[in-house]
There are 2 protein chains.
Amino acid sequence: MIQLHDVKHCSSDYVIAVRDTLNVISGKWKLPIIGSLLYGKKRFKELERDLGKITPRMLSKELKELELNSIIKRSVYDTTPVTVEYELTPSGESIRAVLDVMVSWGLQHRQAVMKPEPMKPDPMSISANKA
Amino acid sequence: MIQLHDVKHCSSDYVIAVRDTLNVISGKWKLPIIGSLLYGKKRFKELERDLGKITPRMLSKELKELELNSIIKRSVYDTTPVTVEYELTPSGESIRAVLDVMVSWGLQHRQAVMKPEPMKPDPMSISANKA
DNA sequence: TATATCAGTATACTTTAGTATAGTAGTATA
DNA sequence: TATACTACTATACTAAAGTATACTGATATA
């Protein structure tokens, strides 16, 4: 099993692994969809209502992509009318840990940017000069 | 200080905090730029050579955005010709922890998808039927 | 004088992501 | 008969992201 320490020394493999994760959650709608499904399985129309302004075209496209990436599972039941349920796979559930870390960093960073430590004026920082 | 547990019960605040983080690293070049700067401060041309196929227009644009987001710090030295150095801020450095978690998930997920557990055939999974 | 380096900018273009609007089939209800 | 529900699809569009190519001014080197 390849792990973090195996790719840490290799910038390109590291970046590839990050991008794998990034691709799963980037775009305008993937995150809200996953977020909604973290609260439990949902039908197509339920998701549509949950997400507010999404078009069925986008929802359909995103769900297909998430299914292809094994993040969600699609189940069809032959009720009338047909019922289609979407739910997170174990892999999809496990991304919650990644999101939690992103939330923590996001909140921390926001604090760091909003109220920066008052700095003592440093002449070097006003007109830096080198060599 | 707002923390993870404060937003965990609120789907929209949670998603906003994730997106704050996502915005910092998404796009084609932000990640390679941050990755390169994790190895130490670099000048414009050094980054350009490091990143291979990036155009100066994109590099300039991305660096400006990262600086605006307090991820990197730009220092100008009045040498001849002028020297401009880019380096990660403490906040920028701290994103490494987020990337590490993303790498771990990315590698795990790839394994999960590539060699899925052989499942015992389950009649329910072949033609699901509900109510 | 010609060329190269630095750190970029300007203009025009292509590609990708996302939106708007309408329509499908099958069934159920008013 | 008309409307509404399910889970979508089709076509056409706009907006955002990224690329290609050429250029800038100041200085240094051949």
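Residue numbering restarts at 1 for every chain, and letters A, B, ... go by the order of the sequence lines. A quick note: this is a predicted structure, and the numbers were derived from the prediction, not measured.
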d([atom1], [X]; [atom2], [N]) in whole Å:
X: B:Leu59; N: D:dT19; atom1: CG; atom2: P; value: 12 Å
X: B:Lys53; N: D:dT19; atom1: NZ; atom2: P; value: 10 Å
X: A:Met58; N: C:dA17; atom1: CE; atom2: P; value: 9 Å
X: A:Asp78; N: D:dA7; atom1: CG; atom2: P; value: 14 Å
X: B:Tyr77; N: C:dA7; atom1: OH; atom2: P; value: 12 Å

**Message:** Nearest to the side chain of A:Glu62, heavy atoms from C-beta on, is which of D:dA7, C:dG18, D:dT21?
**Reply:** C:dG18
**Message:** Short of 4.0 Å, heavy atom to strand atom, which residues of residues 38-52 of chain B count as contacting DNA chain D?
**Reply:** none
**Request:** Give me the residues of residues 63-74 of chain A where at least one heavy atom lies under 4.0 Å from an atom of DNA chain D, by number, or none.
**Result:** A:Lys64, A:Arg74
If you look at every heavy atom in [X] and [Y], which pair is closest and at what distance?
X: A:Gly27; Y: B:Arg19; answer: O-NH1, 3.3 Å
X: B:Thr89; Y: B:Ser70; answer: OG1-O, 2.7 Å
X: A:Leu31; Y: B:Val18; answer: CD2-CG1, 3.4 Å
X: A:Ile34; Y: A:Val24; answer: CD1-O, 4.2 Å

**Asked** Counting only side-chain N and O atoms of B:Ser60, is one of them less than 4.0 Å from OP1 or OP2 of C:dT9?
**Response** yes
**Request:** Report whether B:Ile16 and A:Leu37 are members of the same hydrophobic cluster (ILVMFWY, side-chain heavy atoms less than 4.5 Å apart, transitive linking).
**Result:** no
**Message:** Strictly by Watson-Crick or wobble contacts shorter than 3.5 Å, is anything paired with C:dA30, and which nucleotide is it?
**Reply:** D:dT1
**Message:** Can you list everything that forms a salt bridge (charged side-chain N to carboxylate O under 4.0 Å, His left out) with A:Arg110? Sequence neighbours excluded, please.
**Reply:** B:Asp20
Kindly give the atom pairs (protein nitrogen or oxygen, nucleotide nitrogen or oxygen) under 3.5 Å for nucleotides 23-30 of chain C.
none

**Summary of salt bridge (Lys or Arg N to Asp or Glu O under 4.0 Å) pairs that have at least one residue in residues 91-100 of chain B, sequence neighbours excluded** = A:Lys8-B:Asp100
**Request:** Sort and list the pairs that fulfil salt bridge (Lys or Arg N to Asp or Glu O under 4.0 Å) and have at least one residue in residues 24-35 of chain A, not counting sequence neighbours.
**Result:** A:Lys30-A:Glu62, A:Lys30-A:Glu65
**Item:** Non-neighbouring partners of A:Val101 that pass side chain to side chain contact (heavy atoms under 4.5 Å, CB included), sequence neighbours left out
**Value:** B:Val98, B:Val101
**For A:Lys64, side chain to side chain contact (heavy atoms under 4.5 Å, CB included) partners two or more places apart** = A:Ser60
**Message:** List the residues meeting ring pair (Phe, Tyr, Trp, His ring centres under 6.0 Å) with B:Trp105, not counting sequence neighbours, and say none if there are none.
**Reply:** B:His109
**Message:** Quick test of your reading of the model: are B:Lys41 and B:Glu85 salt-bridged, counting only N-O distances below 4.0 Å?
**Reply:** yes
Are any protein N/O atoms closer than 3.5 Å to N/O atoms in nucleotides 10-16 of chain D? If there are, list each pair with its distance.
{"residue": "D:dT11", "atom": "O4", "partner": "A:Arg57", "partner atom": "NE", "Å": "2.9"}

**Prompt:** Which residue pairs pass the side chain to side chain donor-acceptor pair (under 3.5 Å) test when at least one of the two sits in residues 44-55 of chain B, sequence neighbours left out?
**Reply:** B:Ser36-B:Asp50, B:Lys42-B:Asp50, B:Lys45-B:Glu48
**Item:** Contacting residues from residues 14-37 of chain B, given that a heavy atom lies under 4.0 angstrom of DNA chain C
**Value:** none
**Asked** Is there a side-chain contact (heavy atoms from CB on, under 4.5 Å) between A:Ile71 and A:Leu88 once you walk through the steps?
**Response** CA-CA 6 Å; A:Ile71 304 302; A:Leu88 294 170; 4.3 Å; yes
**Prompt:** Considering only heavy atoms from C-beta outward, does the side chain of B:Lys73 approach that of B:Pro90 to under 4.5 Å?
**Reply:** no
**Donor-acceptor contact below 3.5 Å, side chain B:Thr21 vs main chain A:Gly106** = yes
